[in-house]
Amino acid sequence: MRTTDGGLATNSNFKKGFIMTNYAIILAAGKGTRMKSDLPKVLHKVAGISMLEHVYRAVQAISPEKIVTIIGHKGELVQQVLEGKTLFAEQTEQLGTGHAVMMAEPELLNAQGQTLVIAGDTPLITGESLRELIDYHVSHKNVATILTAQAENPFGYGRIIRNDKEEVVKIVEQKDANEYEQKIREINTGTYLFDNQALFTALKNINTDNAQGEYYLTDVISIFRQDGGKVGAYKLRDFNESLGVNDRLALATAEKVMRQRINAQHMVNGVTFIDPAATYIDIDVEIEADVAIEANVTLKGQTKIGSGTLLTNNTYIVDGIVGKNTVITASVIEEAEVADGVTMGPYAHIRPDSLIKRDAHIGNFVEIKGSTIGENTKAGHLTYIGNSQVGSNVNLGAGTITVNYDGQNKYLTDIEDNAFIGSNATIVAPVRIGKNALVAAGSTITEDVPDDAIALGRGRQINKEDYAKTKPHHPTQRG
Ligand code: UD1
Ligand code: CA
């Protein structure tokens, strides 16, 4: 992103003493044939949110008075993503990007101001670049300004054709480009700023006389030139921003670039990464300073991680809230909350609607679902706790199982503070284990245990003297 040469960088909307109004059109009607997907292209996700949502967020940076999203292929699905956030115009037949913009006419025809047109498949364009584009457009008093970039490999993009004075004269699409034009490496990002009135006037004059038989939006550029309008280009410094995602290869590239950006920002904010290229963090995840994250950790959705926490290799958290100074070792947390000072794993699985309170210890191969685990409670090994309220300072011995499901209904288990559950206890819900109570190892508990009691829910051991001597395995029986 290079700085603009105009004098308006401080307030892009301010021109000659009056406020210019911004509008935006997001193109999202196409199927995205090259994705080979049932899902409309713009709904494919990058770092946890759809490409369309990324574009919408970038567009916010120019504070448009109105945003019109052009929908078509599976329009209801696309509309859901931005429902209540933008207006929508339907393009029933996808006849090209120029035709798509025409669909916004009912909303914008009489609007005075400047209109940003952006494709829904360019998730890496930043709001900052859009603001720079506006500043450049306004300060150069252009009718149209194209956001361009210099591509290493320009194949597939529209090329920017300049005359010998370096003025932009037209855009030529890949399929229409001659040998000379195909060598041009300055490409059209598919993002533009137009004088709104001039845009809709020019669109009346485009046709389908081209290799794809489509109404190209890009054709308005040569129309402006013929009418004597001033056309310009604002070139991105970073080609990555311009990436148009047409297939799954580009989708993976977008994901990689977005990952670099997200992780770089977290590092700037004070988060340690062992290997940022192998750490997968969705865009809305929040991480406090002094968190350390080892390789191959995935943090998705609305996850939040508190300061001083360590997430080791292979930890996978979706919509989880983790407190401060907690250590999560190679574990999975889904839609659950883990408080400060907890130690967990390896290989714990915390499932939805669970709350692990502070200083608890959840050890290896422990699964918790829909349960609260109290402060300082320990479940060290091979345990399943479901639909349970477990108090503080409880010890859940190895192999403790709550039996919460009879095949039809789920029942609650209540384990009060300071209870001590021996190893391999099976606790059949609904049941309550009282404060300070003991449950003997190997018990099957089907009835409530009063406070301070011990429950022995198992067969009594019987020893038969000398019985083993009658069996073939015994040394006295061997030949
Ligand atoms: C377009 C540009 C090309 C530019 C590239 C940047 C044109 C003619 N070409 O090509 O110069 O380099 O983007 O990525 O504009 N869409 C509709 N309705 C339609 C057709 C497309 O809404 O009838 C939407 C698509 O959903 C997509 C966007 O417009 O979000 C761009 O369409 P796409 O087919 O991907 O255009 P490109 O061939 O990439
Ligand atoms: Ca495209």
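Numbering of ligands and ligand atoms starts at 1, following listing order.
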Visitor: Is the shortest distance from a heavy atom of H99 to ligand 1 less than 4.0 Å?
Guide: no
Visitor: Kindly report the OD1-the Ca ion (ligand 2)-OD2 angle for N246 and D121 respectively, rounded to 10°.
Guide: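 About 80° at the Ca ion (ligand 2).
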Visitor: Under 4.0 Å, heavy-atom basis, I'd like to know which part of K41 is in contact with ligand 1: side chain, backbone, both or neither.
Guide: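 Just the side chain.
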Visitor: Considering non-hydrogen atoms of the protein only, which is the closest contact for atom 2 (C) of ligand 1, and what is the distance?
Guide: E173 OE1, 3.7 Å
Visitor: Ligand 1 and G244, any nitrogen or oxygen pair closer than 3.5 angstrom?
Guide: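 Looking only at distances, the answer is no, because the N/O contact criterion of under 3.5 Å is not met.
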Visitor: Is the contact between A29 and ligand 1 made by the side chain, the backbone, both, or neither, using heavy atoms and a 4.0 Å cut-off?
Guide: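 Near ligand 1, A29 shows its backbone as well as its side chain.
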Visitor: I need the atoms of ligand 1 closer than 4.0 Å to a non-hydrogen atom of Y216, numbered in the order shown.
Guide: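 In order of numbering, the contacting atoms are 8 (C).
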Visitor: Apply side chain to side chain contact (heavy atoms under 4.5 Å, CB included) to the pair I146 and V168, showing each step before the final yes or no.
Guide: CA-CA 9 Å; I146 309 158; V168 175; 3.8 Å; yes
Visitor: For the residue pair F365 and Y347, categorise the inter-ring angle as parallel (less than 30°), tilted (30 to 60°) or perpendicular (more than 60°).
Guide: parallel
Visitor: Measuring from the heavy atoms of A28, does anything fall under 4.0 Å of ligand 1?
Guide: yes
Visitor: Between ligand 1 and D121, is the shortest N or O to N or O distance under 3.5 Å?
Guide: yes
Visitor: Heavy-atom contacts under 4.0 Å between E214 and ligand 1: side chain, backbone, both, or neither?
Guide: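 No part of E214 comes within reach of ligand 1.
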Visitor: Strictly under 3.0 Å, is any N, O or S atom of T122 next to the Ca ion (ligand 2)?
Guide: no
Visitor: Hey, which atoms in ligand 1 end up nearer than 4.0 Å to a heavy atom of G158?
Guide: 3 (C), 4 (C), 11 (O), 12 (O)
Visitor: With a 4.0 Å heavy-atom cut-off (strictly under), which part of S242 contacts ligand 1: side chain, backbone, both or neither?
Guide: neither
Visitor: So if I count the atoms of ligand 1 from 1 in the order they appear, which ones are less than 4.0 Å from some heavy atom of T189?
Guide: 6 (C), 14 (O)
Visitor: Is it the case that ligand 1 has an N or O less than 3.5 angstrom from some N or O of G30?
Guide: yes
Visitor: Determine whether the side chains of S331 and T315 contain a donor N or O and an acceptor N or O closer than 3.5 Å.
Guide: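 Side-chain D/A pair, S331 to T315: absent.
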Visitor: Please work out, at 4.0 Å between heavy atoms, whether the side chain, the backbone, both, or neither of L95 comes within that distance of ligand 1.
Guide: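 Just the backbone.
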Visitor: Once rounded to the nearest 0.5 Å, what's the spacing between atom CD of Q302 and atom CG of D284?
Guide: 5.0 Å
Visitor: Heavy atom of I187 under 4.0 Å from ligand 1?
Guide: no
Visitor: Under a plain distance cut-off of 3.5 Å, with no hydrogens placed, do H99 and Q91 share a side-chain donor-acceptor pair?
Guide: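 Side-chain D/A pair, Q91 to H99: present.
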Visitor: Between L27 and ligand 1, is there a nitrogen or oxygen pair with a distance under 3.5 Å?
Guide: yes
Visitor: Which residue owns the protein heavy atom closest to atom 38 (O) of ligand 1, what's the atom, and how far is it?
Guide: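 Closest protein heavy atom to atom 38 (O) of ligand 1: R34 NH2, 3.8 Å.
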